[in-house]
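Structure, as structure tokens:
Excluded from the calculations below are hydrogen atoms, water molecules and symmetry mates; all remaining heavy atoms, backbone and side chain alike, are included.
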Amino acid sequence: MTVPGRGAAHLAPPPGLHVYVVRSRRTGEVSIGVDLTPNGACPLACDYCQVPRSERTRPGPVDVARVRRELSAALEESGAIAGDVVFAGSGEPTWPSEFPDALGIARALVRARGLAIPVRVLTGGTTLGRPEVASALETLVVSGDGEVWIKLDAWDEETHRRFWGTRGQAEHEARITAFGARVPVVLQVMLVHRADAVTVEQTARGLAETVGRLLASGGRIDRVVLSTLFRVPGVERADLSAYGREDLERVRAALRASKVAVAVPPPALA
């Protein structure tokens with residue numbers, strides 16, 4: 001089958017349906033990816049998403065035994081060169097009910113091989129209110145086994161709706177604050193030029209103000225990771241384009257005024 005969202009060139013043939021090996025566009029490192037939603041299931045409808053979904057699909061059942069086999073094989077093949085294991089892929093990785101079990105499997109396999117690499121979960125943050133999801137993610141961070149990266153692309157209700165196709169910016173910030181009050185989080189920001197949208201200056205100011213609100217409300221932010229378009233969106237959008245190095249640095253400067261660490265994509269990827 002063709003798996004939505006697997007647009008990047010693989011460094012090796014993907015071991016199976018749920019696990020793949022790529023060079024991460026965010027970090028420049030080799031990543032072993034875990035995709036629990038190969039059907040593209042996601043509660044968001046981000047305008048820049050590379051998955052060609054025409055409607056929101058609910059996640060199907062996940063065979064965690066298969067996840068274990070595929071991830072074990074990938075770690076055997078690529079663990080020595082991998083920089084991390086990442087739950088991401090074609091949709092919201094924390095949405096399937098099997099997510100906590102799959103995350104536990106990943107942590108155990110990495111530890112069993114004695115690998116000093118983090119397990120990262122890249123989430124839109126919509127499921128942080130689910131006790132079983134929040135507990136699994138908190139345990140990941142508290143144990144020192146990995147990190148939770150939460151999306152923060154918007155800064156008010158209008159940009160939230162325009163960028164993500166949903167409503168609820170205040171609720172999203174409240175979820176981040178509540179979770180970040182318990183364990184530190186990493187915020188991931190996708191920066192995209194939109195022909196009819198906001199300027200770089202407005203984006204930088206809006207994001208900086210939002211990060212300031214989160215910090216003032218008690219949320220702990222380990223760092224902010226900026227990213228931009230590296231693939232063609234799944235639904236072709238001629239009005240979308242990537243941020244260049246100068247624009248990325250302008251946003252980074254605004255965010256660093258909030259006294260948080262800010263990372264940008266490696267120069268070769270931006």
>> Walk me through whether W155 and V198 qualify under side chain to side chain contact (heavy atoms under 4.5 Å, CB included).
In response: CA-CA 12 Å; W155 50 91; V198 293; 3.6 Å; yes
>> Please say yes or no: joined through hydrophobic side-chain contacts below 4.5 Å, possibly via intermediate residues, are I221 and L207 part of one cluster?
In response: yes
> Is there a donor-acceptor pair under 3.5 Å between the side chain of T228 and the backbone N or O of L191?
Replying inline: yes
> What pairs meet the ring-ring contact (aromatic ring centres under 6.0 Å, His included) rule with one or both residues in residues 186-213, with sequence neighbours excluded?
Replying inline: H193-Y243
> Would you call E209 and V211 a side-chain contact if the rule is heavy atoms closer than 4.5 Å?
Replying inline: no
> Closest heavy-atom contact between G125 and T123?
Replying inline: N-OG1, 2.9 Å
>> What I'd like to find out is whether the side chain of V251 reaches to under 4.5 Å of the side chain of L226, using heavy atoms alone.
In response: yes
> Nearest heavy-atom pair of S227 and P265: which atoms, and what distance?
Replying inline: CA-CG, 4.0 Å
> So how far is it from L44 CG to T166 OG1, rounded to the nearest 0.5 Å?
Replying inline: 5.5 Å
>> Please determine whether side chain to side chain contact (heavy atoms under 4.5 Å, CB included) holds for the pair D47 and V192, giving the CA-CA distance in whole Å, both sets of side-chain angles, and the decisive distance to 0.1 Å.
In response: CA-CA 10 Å; D47 59 359; V192 181; 5.6 Å; no
> Atom OG of S90 and atom CG of N39: how far apart are they, to the nearest 0.5 Å?
Replying inline: 8.0 Å
>> The test is side chain to side chain donor-acceptor pair (under 3.5 Å); show your working for T94 and E92 and say whether it passes.
In response: CA-CA 6 Å; T94 67; E92 170 55 49; 2.6 Å; yes
>> Run R194 and L240 through side chain to side chain contact (heavy atoms under 4.5 Å, CB included) and show every step you take.
In response: CA-CA 5 Å; R194 298 168 174 88; L240 303 183; 3.4 Å; yes
> Just by distance, do the side chain of S78 and the backbone of L75 share a donor-acceptor pair under 3.5 Å?
Replying inline: no
>> Considering only residues two or more places apart or on different chains, which pairs with a residue in residues 102-112 satisfy salt bridge (Lys or Arg N to Asp or Glu O under 4.0 Å)?
In response: R107-D145, R111-D145
> Applying ring-ring contact (aromatic ring centres under 6.0 Å, His included), which residue pairs with at least one partner in residues 61-82 are found, sequence neighbours left out?
Replying inline: none
> Any chain of hydrophobic side-chain contacts (each under 4.5 Å) joining L152 to V121?
Replying inline: yes
> To the nearest 0.5 Å, how far apart are CG in D63 and CG in L17?
Replying inline: 9.5 Å
> With a 4.5 Å limit on heavy-atom distance, are the side chains of I150 and H172 in contact?
Replying inline: yes
>> Looking at every heavy atom in both A136 and L103, which two are closest together, and how far apart are they?
In response: O-CD2, 3.6 Å
> Just checking, is any N or O donor in the side chain of R69 or S72 under 3.5 Å from an acceptor N or O on the other one?
Replying inline: no
> Going from OG1 on T127 to CZ on R175, what distance comes out if it is rounded to the nearest 0.5 angstrom?
Replying inline: 8.5 Å
> What do the steps show when you test I176 against L187 for side chain to side chain contact (heavy atoms under 4.5 Å, CB included), and what is the final call?
Replying inline: CA-CA 9 Å; I176 295 176; L187 299 179; 4.1 Å; yes
> Side-chain contact, heavy-atom cut-off 4.5 Å: V183 with L137?
Replying inline: no
> How would you list, by chain and number, every residue that makes a side chain to side chain donor-acceptor pair (under 3.5 Å) with Q202, sequence neighbours excluded?
Replying inline: T199
>> Run the side-chain contact (heavy atoms from CB on, under 4.5 Å) test against P118 and tell me which residues pass, sequence neighbours left out.
In response: D84, R120
> Same cluster for V51 and L122 if Ile/Leu/Val/Met/Phe/Trp/Tyr side chains link at under 4.5 Å?
Replying inline: no
> Can any side-chain N or O of T37 pair as donor or acceptor with the backbone N or O of G91 at less than 3.5 Å?
Replying inline: yes
> Is there side-chain contact between V189 and V225, with heavy atoms separated by less than 4.5 Å?
Replying inline: no
>> Measuring only between side-chain heavy atoms, which start at C-beta, is F99 closer than 4.5 Å to V62?
In response: no
>> Using the side-chain contact (heavy atoms from CB on, under 4.5 Å) criterion, which residues pair with A154? Sequence neighbours excluded.
In response: T159, H160, F163, Q169
>> Taking the basic N atoms (NZ, or NE/NH1/NH2) and the acidic carboxylate oxygens, is any pair closer than 4.0 Å for R23 and E29?
In response: no
> Do you know the tightest heavy-atom contact between P43 and T126?
Replying inline: CG-OG1, 3.4 Å
>> Listing request: all salt bridge (Lys or Arg N to Asp or Glu O under 4.0 Å) pairs with a residue in residues 252-262, at least two apart in sequence or in separate chains.
In response: E249-R252
> Residues two or more places apart in sequence or in another chain: which of them pass side chain to side chain donor-acceptor pair (under 3.5 Å) with E158?
Replying inline: R162
> Under 4.5 Å between any side-chain heavy atoms of K151 and C46, yes or no?
Replying inline: yes
> Which residues satisfy the ring pair (Phe, Tyr, Trp, His ring centres under 6.0 Å) test with F179, sequence neighbours excluded?
Replying inline: none
>> With a 4.5 Å cut-off on side-chain heavy-atom distances among I, L, V, M, F, W and Y, is there a chain of contacts connecting V110 to F87?
In response: yes
> Side chains of S241 and L229: does their closest heavy-atom pair fall under 4.5 Å?
Replying inline: no
>> Going by side chain to side chain donor-acceptor pair (under 3.5 Å), name the pairs with one or both residues in residues 128-142, residues two or more places apart or in two chains.
In response: E138-R182
> How close do A102 and V64 get, heavy atom to heavy atom, and via which atoms?
Replying inline: N-CG1, 4.5 Å
>> Taking S31's backbone N and O only, do any of them form a donor-acceptor pair with Y20's side chain (distance below 3.5 Å, no angle check)?
In response: no
> Atom NE2 of H18 and atom CG of D35: how far apart are they, to the nearest 0.5 Å?
Replying inline: 8.0 Å
> With hydrophobic residues grouped by side-chain heavy-atom distances under 4.5 Å, do V19 and L36 end up in a single group?
Replying inline: yes
> Among all residues two or more places apart in sequence or in another chain, which pass the side-chain contact (heavy atoms from CB on, under 4.5 Å) test with E76?
Replying inline: R113
>> Could you check whether E157 pairs with R161 (Lys NZ or Arg NE/NH1/NH2 to Asp/Glu carboxylate O, under 4.0 Å)?
In response: no
> Measuring from L128:CG to E171:CD, what's the distance to the nearest 0.5 Å?
Replying inline: 13.5 Å
>> Which residues pass the side-chain contact (heavy atoms from CB on, under 4.5 Å) test with A116, not counting sequence neighbours?
In response: none
